[in-house]
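Heads up, the thing below is written out as structure tokens.
Below, chains carry the letters A, B, ... as their sequence lines are ordered, and counting in each starts from 1.
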Number of protein chains: 2
Amino acid sequence: MADVINDILKRNQLSVTDSRKKILEFFHHADGALAHADIEKMSGESFDRVTIYRTLQTFVEKGIIHTIPTADNSVKYALCKDECAAGHHHDDHIHFLCDDCGTTYCLDTHVPAVQLPQGFVVKRTDVVVSGKCGKCSN
Amino acid sequence: MADVINDILKRNQLSVTDSRKKILEFFHHADGALAHADIEKMSGESFDRVTIYRTLQTFVEKGIIHTIPTADNSVKYALCKDECAAGHHHDDHIHFLCDDCGTTYCLDTHVPAVQLPQGFVVKRTDVVVSGKCGKCSN
DNA sequence: ATTCCTTTTGCAACAAAGTTGCATTCCGTT
DNA sequence: AACGGAATGCAACTTTGTTGCAAAAGGAAT
């Protein structure tokens with residue numbers, strides 16, 4: 001486990017620090033996406049708020065995590081299943097946000113192609129579905 | 001023009017006030033979606049920041065405008081083409097965000113059905129496409 | 001037009017979220 | 001062990017969003 005975390009950081013030319021290791025672990029243990037606030041709560045007093053902001057920013061830049069747009073204005077971050085290896089596109093799967101438990105899932109379902117008016121060039125497509133997840137729909 | 005604005009407010013049982021009229025006009029003149037900050041800039045000193053928050057909130061509740069999730073955490077609001085009459089669903093069309101000019105478009109393209117794992121119940125689907133719009137792609 | 005009641009607004013004070021600069025500490029390499 | 005660059009923590013600050021309450025404006029009836 002520790003090796004996996006270490007590998008990801010080294011692969012991305014990032015020095016291995018306590019905060020980066022811990023935040024990466026949070027993502028690995030979470031079954032969904034995390035918001036800044038979630039990480040802040042989980043880490044308690046371990047490290048500064050600013051460090052979390054900067055770490056998340058770094059991870060996004062390196063492509064280790066990606067952001068998920070949500071209708072309620074809270075930015076969430078998620079690690080991709082394949083560790084977000086180089087060449088992986090973040091917009092080829094859809095996201096599901098459960099209204100009940102708040103969990104955000106990265107689903108395997110691929111993004112359907114959409115038709116756009118002439119002259120429009122697509123760079124990225126985000127599909128965010130909300131409703132009730134498998135655990136909350138009973 | 002003034003009549004149209006007036007009608008929308010009355011139809012929704014809202015009293016006709018300066019701020020509501022002005023904010024609705026902004027939406028009618030804009031060719032895309034607006035963020036809270038946009039409206040604040042446009043209105044200058046006309047009315048309080050709090051009034052804008054409350055007006056947008058009211059409009060969303062009444063179904064006059066709808067929110068659009070964006071990957072960069074800024075909530076945008078848009079008026080639908082059909083004035084958002086009762087029965088209109090906001091998630092039946094897709095949104096396009098231009099990376100160059102920042103304009104957000106409501107497109108006529110319908111949201112494709114997505115397949116979800118068993119047990120997942122869909123309530124709403126947002127599709128946000130980004131790239132270059134017709135004006136910026138040349 | 002005047003009155004009366006309700007809704008909306010503005011102000012002020014907060015709370016929460018995010019940013020920046022700088023000194024200190026830590027990581028990785030020699 | 002020591003050095004240089006990168007990362008962290010702290011403090012101060014800006015931006016964004018919320019809440020309570022008194023003043024003002026809207027709408028309906030007289």
Can you check whether A:Pro69 reaches B:Val128 side chain to side chain, under 4.5 Å on heavy atoms?
no
Protein-nucleotide distance (B:Ile52, atom CD1; D:dT15, atom C1'), rounded to Å
14 Å
Sugar-phosphate, base or nothing in reach of A:Thr58, heavy atoms under 4.0 Å:
nothing
Taking the side chain of A:Tyr53 as heavy atoms from C-beta outward, which of D:dT18, C:dT8, C:dT19 is closest to it?
C:dT19
Look at the rings of A:His36 and A:Tyr53 and say which category their plane angle falls in: under 30° parallel, 30 to 60° tilted, over 60° perpendicular.
parallel
Distance col, row A:Ile8:CD1 vs A:Phe27:CZ, nearest 0.5 angstrom, shows 11.5 Å
Any B:Ser15 side-chain N or O less than 4.0 Å from OP1/OP2 of D:dA25:
no
Integer-rounded Å distance: D:dG27 C1' and B:Gln13 CD:
14 Å
Hey, does A:Arg49 reach any base, or is it just sugar-phosphate, or nothing, if we go heavy atoms under 4.0 Å?
base
Determine the sole option in B:Val111, B:Val114, B:Leu107 for which the side chain to side chain contact (heavy atoms under 4.5 Å, CB included) test with B:Val127 is passed.
B:Val111
Atom CG of A:Leu14 and atom P of C:dT29 are separated, to the nearest Å, by 13 Å
Specify the separation, in whole Å, of atom CD of A:Glu40 and atom C1' of C:dA16.
10 Å
Check: D:dG9 base within 3.5 Å donor-acceptor of A:Arg54 side chain:
yes
For A:Leu9 and C:dC27, give me the distance from atom CG to atom P, rounded to whole Å.
12 Å
Indicate whether OP1 or OP2 belonging to D:dA7 is found under 4.0 Å from a side-chain N or O atom of A:Thr55.
no
Just to be sure I understand the rule, does B:Arg20 reach a base, reach only the sugar-phosphate, or reach nothing, if contact means heavy atoms closer than 4.0 Å?
sugar-phosphate
Hey, which of these two, B:Lys10 or B:Val75, hits DNA chain D nearer its 5' end, going by closest nucleotide?
B:Val75
Without decimals, in angstroms, what is the distance between A:Asp48 CG and C:dA17 C1'?
14 Å
Rounded to whole angstrom units, what separation is found between the CZ atom of B:Phe47 and the C1' atom of D:dG26?
17 Å
Whole angstrom is fine here: how far is it from CD in B:Glu61 over to C1' in C:dT8?
14 Å
Using a cut-off of strictly less than 4.0 Å, decide whether A:Thr51 has a side-chain nitrogen or oxygen near OP1 or OP2 of D:dG9.
yes
Hphob cluster co-occupancy, A:Val50 + A:Ile39, side-chain heavy atoms under 4.5 angstrom:
no
With respect to the side chain of B:Thr17, which nucleotide from C:dC27, D:dG17, C:dT8 is positioned closest?
C:dT8
